[in-house]
Chemist: 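Questions regarding the structure given below will be posed in turn.
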Amino acid sequence: MYFSKFHHQRHQGTSRQLLPPTNVTGMMAVTSGCKDGSRMVMDNGKYVRYTPEQVDALERVYHECPKPSSLRRQQLIRECPILSHIEPKQIKVWFQNRRCREKQRKESSRLQAVNRKLTAMNKLLMEENDRLQKQVSHLVYENSYFRQHTQNATLATRDNSCESVVTSGQQHLTPQHPPRDASPAGLLSIAEETLTEFLSKATGTAVEWVQMPGMKPGPDSIGIITISHCCTGIASRACGLVALEPTRVAEILKDRLSWYRDCRAVDVLNVLSTGNGGTIELLYMQLYAPTTLAPARDFWLLRYTSVMEDGSLVICERSLNNTQNGPSMPPVQHFVRAEILPSGYLIRPCEGGGSIIHVVDHMDLEPWSVPEVLRPLYESSTLLAQRTTLAALRQLRQISQEVSQPNVTGWGRRPAALRALGQRLSRGFNEAVNGFTDEGWSMIESDGIDDVAVLVNSSPGKLMGPNLTYANGFPSMSTSVLCAKASMLLQNVPPAILLRFLREHRSEWADNGIDAYLSAAFTAGPCSLPVARAGYFGGQAILPLAHTIEHEEFMEVVRLENVSHYREDTIMPSDIFFVQVCSGVDENAVGSCAELIFAPIDASFSDDAPLLPSGFRIIPLDSKADTSSPNRTLDLASTLEVGPAGHRSTGDYSRHSGSAKSVMTIAFQFAFEIHLQENIAAMARQYIRSIISSVQRVALALSPSHLGPQASLLPPPGTPEAQTLTLWICQSYRFFLGVELLKPGSEGSEPIVKALWHHSDAVMCCSLKALPVFTFANQAGLDMLETTLVALQDITLEKIFNDNGRKALFSELPQIMQQGFACLQGGIALSSMGRPISYERAVAWKVLDEDENAHCLCFMFINWSFV
């Protein structure tokens with residue numbers, strides 16, 4: 001997938017002025033000489049032909065050095081007898097003319113390629129225009145039909161005859177899909193139906209397509225990208241031009257594992273040949289889950305490949321289910337069976353070479369199986385287009401670029417090798433995030449706080465080659481891998497900005513002792529447990545390795561210079577190397593997933609070196625996640641939106657404002673010796689929690705304030721206003737305790753909501769449920785719990801107290817419900833990161849609504865601090 005930066009710079013160097021200023025006669029001679037390489041230019045403007053031997057000698061030198069120096073030209077004349085009678089000036093002019101012809105040839109090829117692409121794009125746009133005209137005609141016909149039907153309905157009388165009832169009833173007795181079987185004839189019937197439905201989506205009006213935001217067609221664009229509007233499931237479509245033959249395109253697209261990063265496995269279970277020269281395949285496919293908070297998906301598919309009458313190649317597929325009476329596949333443990341509706345690829349040969357390709361992806365990912373806050377990940381056509389549809393086109397364009405301009409990239413790697421390396425990094429990270437048992441992963445017991453999951457893999461094949469040794473240098477008897485992972489919800493921070501910060505400021509979140517430990521497993525030195533005494537980062541150098549054509553993904557080597565770490569009480573400063581792939585750093589890319597995945601490497605950086613990828617993945621949540629439901633708990637945080645003129649932001653602004661949400665997944669892998677498992681597990685948990693804390697601080701620093709000068713209070717449907725909740729909190733405090741919660745005059749000097757938000761003590765509300773969860777906290781409360789407004793609702797009341805605190809709270813709950821309040825003695829609480837917090841005392845009281853019914857419980861922690 002990568003195009004070398006060094007190759008790009010080399011070509012930039014040839015774009016300088018080729019012909020130095022000379023007299024008019026010399027310029028005319030040089031310009032004329034560009035047309036014929038077998039002529040040499042004399043001083044008087046006359047042409048003399050070079051012999052074929054002389055041209056061959058000059059061509060050999062040109063391929064080695066297109067712009068030889070004066071000394072090199074004189075050396076050429078001395079070493080080559082057939083050029084001895086030619087003056088150095090004539091040799092110089094020949095090379096000038098040769099470079100001129102090369103530049104003209106490249107420019108001509110470029111213009112021809114652009115012309116072919118414009119022609120193909122024009123054809124695609126004309127087809128899209130025809131499709132839209134048909135859609136408009138269909139809508140006009142439907143409109144007139146419904147209008148006429150409505151008029152007739154007002155005049156017609158109700159027909160209750162037996163014939164009418166029988167006729168209308170018979171319309172629902174015929175099944176929509178006739179019964180089929182698993183025989184070749186039955187499968188061919190399903191395949192032909194799939195082909196028809198796919199073509200109606202690829203070139204017809206079966207789905208209402210709208211242009212994907214931020215994707216405009218043009219000669220430099222990847223193609224015409226559209227997404228579905230109001231259809232079953234989610235769908236995306238792309239039309240583009242690639243400089244590859246249709247058979248090669250089909251071969252690449254069928255090999256999903258080579259370009260679809262979310263694909264875990266594709267097994268072809270059966271292949272049948274059809275009478276029309278096509279093939280029917282039965283496939284079982286598994287997709288990774290993008291986060292630790294959701295299960296993975298799998299599919300039972302039929303794929304049909306055939307050639308149409310006009311020479312176009314079609315690859316279409318759909319899920320097989322019970323309604324089609326085809327072959328079935330039993331459910332697989334730990335996977336949710338999802339559905340692919342008729343989808344596929346239409347590949348047309350293009351005049352002048354290349355192919356025009358239509359891609360349709362249409363899925364139903366069963367969003368019911370994930371928490372409600374994550375359902376936008378499975379209901380977003382934009383996300384499907386970015387991760388699936390565009391991934392196919394980008395792979396084709398990248399391979400086409402490599403075929404037309406073969407070159408060796410940085411560090412001596414060819415593009416195919418770098419694409420394979422990027423695939424390995426992504427696949428290793430996905431394996432760590434999912435932790436499938438059939439790959440050898442097993443969960444180890446929690447330490448009492450479930451914020452970080454820890455898994456262990458002791459499979460013999462998990463690590464082949466790392467130099468895992470005891471601290472004294474003797475080889476260990478067994479090797480294992482430990483993975484610590486967690487997911488968190490973020491609000492009001494663009495994923496691209498946060499990821500760029502994590503990439504460019506590694507020292508803000510990483511620990512050099514951990515990095516040294518990670519690197520030691522892959523270097524020729526002993527690997528010991530990291531100690532608490534931390535060294536320092538001498539500096540971070542990012543060395544560019546390669547990038548994709550559109551720069552949406554790039555690979556680089558990170559060198560941490562002079563990292564000091566302790567080994568057997570000795571300071572060992574050394575350089576540490578990581579290879580990392582980074583994507584999704586463009587803020588304007590709608591629905592793009594931001595990823596930073598890295599793995600320690602040895603300085604030799606061999607192709608077959610083992611990799612233990614770790615990193616971050618940030619996926620934006622669609623605006624659907626902001627929709628309030630009638631059962632939603634009263635949440636003051638949900639009403640604090642930043643927007644101009646006091647209204648909810650829309651469009652592009654909303655993606656970068658307070659309404660933007662995203663889910664971040666963190667996974668780190670550690671190679672270790674089996675006797676150190678408990679120590680490494682404790683270290684890994686603490687490290688992930690420290691990273692989460694650092695990310696939250698960075699996210700708060702990068703996001704605009706929720707209560708800025710333009711803060712607006714917009715109540716979500718079905719809940720009272722934010723100011724109403726604040727009044728309930730303050731009035732209930734005054735009613736039960738007899739004093740004011742806020743300083744007198746707050747209502748006049750500043751809004752009451754803002755006064756509560758900036759209160760010096762931690763104020764937080766929790767619901768009155770069997771398992772109370774927090775619904776609101778002011779700024780001090782969020783700081784105390786080390787969480788965000790979005791993640792707050794995932795924290796239960798009992799999690800913030802230790803055993804003594806829980807006992808004291810539960811003993812006071814009856815008094816709170818009867819008396820209305822209680823004063824709690826000082827003690828120790830816990831943040832969401834597990835950090836202990838001491839507080840001098842706490843007050844708890846019931847919050848009453850307008851009807852004097854208990855709405856929630858409110859807590860105020862006074863004089864709190866981290867221990």
Chemist: Determine whether a donor-acceptor pair (N or O, by modelled atom type, separation under 3.5 Å) exists between the side chain of Ser258 and the backbone of Asp255.
Modeler: yes

Chemist: Check for a donor-acceptor pair, side chain of Ser312 on one end and backbone N or O of Met308 on the other, with a separation under 3.5 Å.
Modeler: no

Chemist: Do the non-hydrogen side-chain atoms of Leu269 and Tyr284 ever get within less than 4.5 Å of each other?
Modeler: yes

Chemist: Taking the side chain as everything from C-beta on, heavy atoms only, tell me whether Phe198 gets closer than 4.5 Å to Leu346.
Modeler: yes

Chemist: Is the shortest heavy-atom distance from the side chain of Leu374 to the side chain of Thr291 under 4.5 Å?
Modeler: yes

Chemist: Might you point out which heavy atoms bring Ser369 and Pro295 nearest each other, and give the distance in Å?
Modeler: O-CD, 4.0 Å

Chemist: Once rounded to the nearest 0.5 Å, what's the spacing between atom CD of Gln395 and atom CD1 of Ile252?
Modeler: 6.5 Å

Chemist: Please evaluate residues Cys593 and Arg617 with respect to the criterion side chain to side chain contact (heavy atoms under 4.5 Å, CB included), reporting the C-alpha separation (whole Å), side-chain torsions for both, the decisive distance (0.1 Å), and the verdict.
Modeler: CA-CA 7 Å; Cys593 171; Arg617 173 180 291 152; 3.6 Å; yes

Chemist: Check whether any side-chain N or O of Ser200 sits under 3.5 Å from a backbone N or O of Gly204 as a donor-acceptor pair, and report yes or no.
Modeler: no

Chemist: Closer than 3.5 angstrom, by distance alone: can the side chain of Asn434 be matched with the main-chain N or O of Ala289 as a donor-acceptor pair?
Modeler: yes

Chemist: Please report the shortest heavy-atom distance between Gly584 and Ser592, naming the atom on each side.
Modeler: CA-OG, 3.7 Å

Chemist: Is a salt bridge present between Glu553 and Arg261, judged by a nitrogen-to-oxygen distance below 4.0 Å?
Modeler: yes

Chemist: Any side-chain heavy-atom pair from Leu272 and Leu187 closer than 4.5 angstrom?
Modeler: yes

Chemist: Do the non-hydrogen side-chain atoms of Leu320 and Leu282 ever get within less than 4.5 Å of each other?
Modeler: yes

Chemist: Could you walk me through whether Tyr304 and Glu281 satisfy the side chain to side chain donor-acceptor pair (under 3.5 Å) test, starting with their C-alpha distance in whole Å, then the side-chain angles of each, then the deciding distance to 0.1 Å, before giving a yes or no?
Modeler: CA-CA 6 Å; Tyr304 180 40; Glu281 300 167 281; over 6 Å; no

Chemist: Keeping the roles fixed (side chain from His362, backbone from Thr232), state whether a donor-acceptor pair exists under 3.5 Å.
Modeler: yes

Chemist: What is the distance from atom CG of Leu244 to atom OG of Ser400, rounded to the nearest 0.5 Å?
Modeler: 4.5 Å

Chemist: Within the distance-only criterion (no hydrogens, no angle test), does the side chain of Thr382 pair as donor or acceptor with the backbone N or O of Ser380 below 3.5 angstrom?
Modeler: no

Chemist: Is Gln286 close to Cys263 at the side-chain level, that is, under 4.5 Å between some pair of heavy atoms?
Modeler: no

Chemist: Would you name the heavy atoms of Ala202 and Arg237 that are closest together and state the gap between them?
Modeler: O-NH1, 3.0 Å

Chemist: Rounded at 0.5 Å granularity, tell me how far OG1 in Thr665 sits from CG in Leu293.
Modeler: 6.5 Å

Chemist: Apply side chain to side chain donor-acceptor pair (under 3.5 Å) to residues Thr389 and Asp361 and explain how you reach the verdict.
Modeler: CA-CA 7 Å; Thr389 311; Asp361 289 301; 2.7 Å; yes

Chemist: Between Ser319 and Asn321, does the side chain to side chain donor-acceptor pair (under 3.5 Å) criterion hold? Intermediate values first, please.
Modeler: CA-CA 6 Å; Ser319 290; Asn321 49 49; over 6 Å; no

Chemist: List the steps, then state whether side chain to side chain contact (heavy atoms under 4.5 Å, CB included) holds for Arg394 with Thr548.
Modeler: CA-CA 8 Å; Arg394 284 169 177 154; Thr548 53; over 6 Å; no

Chemist: Could you check whether the rings of Trp259 and Tyr345 sit parallel, tilted or perpendicular, using 30° and 60° as the cut-offs?
Modeler: perpendicular

Chemist: Could you walk me through whether Ser228 and Ser381 pass the side chain to side chain donor-acceptor pair (under 3.5 Å) check?
Modeler: CA-CA 7 Å; Ser228 62; Ser381 295; 3.1 Å; yes

Chemist: Salt bridge or not between Arg264 and Glu431? Use side-chain N to carboxylate O under 4.0 Å.
Modeler: no

Chemist: Shortest non-hydrogen contact from Ile597 to Ser426?
Modeler: CD1-CA, 4.1 Å

Chemist: Judged by atom type as modelled, is there a donor-acceptor pair below 3.5 Å linking the side chain of Thr196 to the main-chain atoms of Glu192?
Modeler: yes

Chemist: Is Val266 close to Lys254 at the side-chain level, that is, under 4.5 Å between some pair of heavy atoms?
Modeler: no

Chemist: Does the pair Arg248/Glu251 count as a salt bridge with the N-to-O cut at 4.0 Å?
Modeler: yes

Chemist: Would you say the rings of Phe335 and Phe436 are close, in the sense that their centroids are separated by under 6.0 Å?
Modeler: yes

Chemist: Would you say Asn457's side chain and Ser442's backbone share a donor-acceptor pair under 3.5 angstrom?
Modeler: no

Chemist: What are the two closest heavy atoms between Pro290 and Tyr378, and how far apart are they?
Modeler: CD-OH, 3.5 Å

Chemist: After noting the C-alpha distance and the side-chain angles of Glu339 and Arg318, does the key distance pass the salt bridge (Lys or Arg N to Asp or Glu O under 4.0 Å) rule?
Modeler: CA-CA 8 Å; Glu339 182 181 6; Arg318 77 179 308 159; 5.7 Å; no

Chemist: Show your reasoning for whether side chain to side chain contact (heavy atoms under 4.5 Å, CB included) applies to Ser306 and Leu195.
Modeler: CA-CA 9 Å; Ser306 64; Leu195 174 62; 4.2 Å; yes

Chemist: Drop me the distance from Leu253's CG to Ile315's CD1, to the nearest 0.5 angstrom.
Modeler: 6.0 Å

Chemist: Just verifying a value: how many Å separate Ile619 CD1 and Gln386 CD, rounded to the nearest 0.5 Å?
Modeler: 12.0 Å

Chemist: Give a yes or no answer on whether the side chain of Lys201 reaches the backbone of Pro342 with a donor-acceptor pair at less than 3.5 Å.
Modeler: yes

Chemist: Check the pair Leu383 / Leu377 against side chain to side chain contact (heavy atoms under 4.5 Å, CB included), numbers first and verdict last.
Modeler: CA-CA 7 Å; Leu383 190 61; Leu377 297 182; 4.1 Å; yes

Chemist: When you compare the side chain of Arg337 with that of Trp300, does any pair of heavy atoms fall below 4.5 Å?
Modeler: yes

Chemist: Is any NZ, NE, NH1 or NH2 atom of the basic residue among Glu595 and Arg387 found under 4.0 Å from an Asp or Glu carboxylate oxygen of the other?
Modeler: yes

Chemist: Can you give me the closest heavy-atom contact between Leu257 and Gln423, atom names plus distance?
Modeler: O-NE2, 2.6 Å

Chemist: Going from CD on Glu317 to CG on Leu283, what distance comes out if it is rounded to the nearest 0.5 angstrom?
Modeler: 7.0 Å

